[in-house]
Amino acid sequence: MTDRPTHPHDERRQQVHREWEECADAWRKWAPHFSASTWPVTHALIGMLDLSPGAAVLDIGCGVGDPSLPIAAQLADGGSVVGIDPAPSMVAACKARAEVLGIDNAEFLVASGENLEGYEAHFDAVVARWSVLFFDNVGTGLAHLRTRLRVGGRIAVSAWAPRRHNPMFAIPARELAEVMEIPRPDRNAPNPLRLSEDGELVAALAEAGFTDIHERQVRLLQFARDPEDYWAFLTGVSMAFRRAFSGLSPADQERVKRGVLRALEPYRSDVGVELPAVARVAAGTRSG
Ligand SMILES: C[S@@+](CC[C@H](N)C(=O)[O-])C[C@H]1O[C@@H](n2cnc3c(N)ncnc32)[C@H](O)[C@@H]1O
């Protein structure tokens with residue numbers, strides 16, 4: 001990782017947190033939809049953690065409650081979850097959803113997973129579903145999370161497979177590329193395709209000091225009622241797409257939208273639009 005002065009990094013961190021805060025309402029709105037389409041990843045992460053019934057679990061970047069809420073439900077007889085996220089509205093949504101679901105063994109805090117100073121508990125497991133990708137520095141961030149595990153504790157994290165395997169990234173990128181320059185996914189900058197190439201996720205866990213590391217790919221299916229519905233989902237929840245799209249002229253925005261809707265046509269099925277997707281999940285142990 002490159003070493004740059006502290007100040008620009010703080011600024012970049014704050015900008016990322018702000019951008020996620022701006023997406024929070026959309027994440028709340030699409031939560032049932034996203035939970036339903038991403039259950040294979042949730043199950044894979046939980047399986048890799050090998051949780052005992054009384055486990056204490058830390059969820060990093062809990063968003064609007066995945067996987068904090070399903071894990072808390074699973075551990076209702078004696079276990080507990082702490083979900084943290086730097087976006088206050090995400091945390092508020094988690095609290096509201098936990099209350100509605102009667103989940104009382106989960107607490108939610110506004111915090112960054114890169115800096116949990118002052119929160120010294122040691123957990124049996126740490127989970128991070130598509131969140132370490134937005135750390136300013138994945139290496140030091142994962143090493144920091146290792147210190148929040150008891151010795152023998154497990155971490156499980158997810159990333160996406162590369163763009164070429166994920167039409168949900170490939171389609172918008174292709175259409176945006178018609179009207180603007182699209183930067184290549186940068187291993188050193190927060191973005192959803194960080195750690196997506198072969199070996200990157202495993203290497204990041206190994207560099208952070210974890211052992212007994214395993215990785216697997218997980219297939220999932222994104223769905224929507226029709227292309228317009230998918231467009232509403234995309235423009236609501238994708239922080240990266242929102243950032244790029246908002247800088248375009250109205251004419252270019254219209255062109256990108258038309259292109260995306262057209263590109264979704266081949267994915268129409270009996271139930272609406274179904275997009276195959278591939279994620280990576282990896283887990284490791286704090287062994288010392
Ligand atoms: C792609 S969303 C994933 C949310 C949730 N884990 C899920 O899978 O549905 C990424 C989340 O990471 C959070 N995030 C961004 N930077 C973070 C940081 N430094 N520490 C912890 N979470 C962070 C965002 O606020 C956002 O809620």
Tell me whether Asn166 contacts the main-chain N or O of Phe169 through its side chain, where contact means a donor paired with an acceptor under 3.5 Å.
no

So does Asp50 get a backbone contact from the side chain of Arg154, meaning a donor-acceptor N/O pair under 3.5 Å?
no

Using only atom types and a distance under 3.5 Å, with no angle test, would you say the side chain of Ser35 pairs donor to acceptor with the backbone of Pro32?
no

If only atom types and distance count, is the side chain of Arg268 paired as donor or acceptor with the main-chain N or O of Asp226 below 3.5 Å?
no

Classify the angle between the aromatic ring planes of Phe223 and His33 as parallel (below 30°), tilted (30 to 60°) or perpendicular (above 60°).
tilted

Check whether more than 12 heavy atoms from other residues, nucleotides or ligands sit under 6.0 Å from atom CD of Glu265, and answer yes or no.
yes

Would a single hydrophobic cluster contain both Val127 and Phe108, if residues Ile, Leu, Val, Met, Phe, Trp and Tyr are joined by side-chain heavy-atom contacts under 4.5 Å?
no

Which heavy-atom pair separates Glu22 from Arg242 by the least distance, and what is that distance?
O-NH2, 3.2 Å

With side-chain contact (heavy atoms from CB on, under 4.5 Å) as the criterion, how do His43 and Ile46 come out once you've worked through the C-alpha distance, each side chain's angles and the decisive distance to 0.1 Å?
CA-CA 5 Å; His43 281 237; Ile46 294 174; 5.9 Å; no

Minimum side-chain heavy-atom gap Arg148-His144 below 4.5 Å
yes

CG of Asp59 to OG of Ser131, rounded to nearest 0.5 Å, is 7.0 Å

Show the nearest heavy-atom pair for residues Thr211 and Ser287, with the distance to one decimal.
OG1-OG, 3.0 Å

Going by atom types alone, do Glu11 and Gln15 pair a side-chain donor with an acceptor below 3.5 Å?
no

Determine, using the 4.5 Å side-chain heavy-atom cutoff (strictly less than), whether Trp231 and Tyr267 are members of one ILVMFWY cluster.
yes

Identify whether the distance between the nearest side-chain nitrogen and carboxylate oxygen of Asp252 and Arg255 falls below 4.0 Å.
no

Heavy-atom side-chain contact between Leu149 and Phe210 under 4.5 Å:
yes

Quick check for you: to the nearest 0.5 Å, what is the distance between Asp229 atom CG and Leu234 atom CG?
11.5 Å

Interatomic distance, CG@Leu142 vs CZ@Phe135, rounded to 0.5 Å, equals 6.5 Å

Just by modelled atom types, is the Arg243 backbone N or O under 3.5 Å from a matching donor or acceptor in the Ser246 side chain?
yes

Distance-minimising heavy-atom pair for Asp85 and Gly63:
OD2-N, 2.9 Å

Scanning both residues in full, the closest heavy-atom pair of Arg150 with Asp124 reads NE-OD1, 2.6 Å

Minimum side-chain heavy-atom gap Leu45-Val218 below 4.5 Å
no

Between Arg163 and Leu193, is there a donor-acceptor pair closer than 3.5 Å when you use the side chain of the first and the backbone of the second?
no

Main chain of Thr147, side chain of His122: is a donor-acceptor contact present, judged purely on distance under 3.5 Å?
yes

May I ask whether Leu145 and Leu201 are part of the same hydrophobic cluster, defined by side-chain heavy atoms of I, L, V, M, F, W, Y residues being less than 4.5 angstrom apart, directly or through others?
yes

Ile182 side, atom CD1; Arg174 side, atom CZ - distance, nearest 0.5 Å
12.0 Å

Taking the inter-plane angle between the rings of Phe241 and Phe245 on a 0 to 90° scale, is it parallel (under 30°), tilted (30 to 60°) or perpendicular (over 60°)?
parallel

pair Cys62-Met90: side-chain heavy atoms closer than 4.5 Å
no

Over 60° means perpendicular and under 30° means parallel, so classify the ring planes of Phe34 and Trp130, tilted if in between.
tilted

Main-chain N/O of Glu215 paired to Arg280 side chain as donor or acceptor, under 3.5 Å:
no

Testing the 3.5 Å rule here: is there a donor-acceptor pair between the side chains of Ser37 and Gln222?
no

Would you indicate whether the side-chain heavy atoms of Pro53 and Asp77 approach each other to under 4.5 Å?
no

Taking every heavy atom of Leu75 against every heavy atom of Ser52, the minimum-distance pair comes out as CD2-O, 3.6 Å

Run the side-chain contact (heavy atoms from CB on, under 4.5 Å) check on Met239 and Val16 step by step: do they pass?
CA-CA 9 Å; Met239 186 263 258; Val16 168; 4.2 Å; yes

To the nearest 0.5 Å, how far apart are CH2 in Trp160 and CG in Leu195?
14.0 Å

Any carboxylate oxygen within less than 4.0 angstrom of a Lys/Arg side-chain nitrogen, looking at Arg164 and Glu197?
yes

Could you tell me which non-hydrogen atom of Leu220 sits nearest to which non-hydrogen atom of Pro40, and how far apart they are?
CB-CG, 4.0 Å

Are the side chain of Arg286 and the backbone N or O of Gly288 linked by a donor-acceptor pair below 3.5 Å?
yes

Could you go through Asp25 and Arg28, starting from their C-alpha distance and side-chain angles, then the distance that decides it, and tell me whether this counts as salt bridge (charged side-chain N to carboxylate O under 4.0 Å, His left out)?
CA-CA 5 Å; Asp25 282 352; Arg28 174 72 189 91; over 6 Å; no

Evaluate the side-chain proximity of Trp20 to Ser89: yes if any heavy-atom separation is below 4.5 Å, no if none is.
no

Step by step, work out the side-chain contact (heavy atoms from CB on, under 4.5 Å) result for Phe233 and Val273.
CA-CA 12 Å; Phe233 167 74; Val273 170; over 6 Å; no

Are side-chain heavy atoms of His165 and Pro162 found at a separation under 4.5 Å?
yes

Donor + acceptor pair across side chains of Thr42, Arg129 (<3.5 Å):
yes

Can you tell me how far OG of Ser80 sits from CD1 of Ile103, rounded to the nearest 0.5 angstrom?
12.5 Å

For Glu207 and Gly139, indicate whether the former's side chain and the latter's backbone hold a donor-acceptor pair under 3.5 Å.
no

Leu69-Val126 co-clustered via ILVMFWY side chain contacts under 4.5 Å:
no

side-chain contact (heavy atoms from CB on, under 4.5 Å) between Ile60 and Leu116, worked out
CA-CA 10 Å; Ile60 299 300; Leu116 292 165; 4.1 Å; yes

Heavy atoms from other residues, nucleotides or ligands near CD of Glu117 exceed 12 (cutoff 6.0 Å):
yes

Under a 4.5 Å side-chain heavy-atom rule over Ile, Leu, Val, Met, Phe, Trp and Tyr, are Val278 and Met168 clustered together?
no

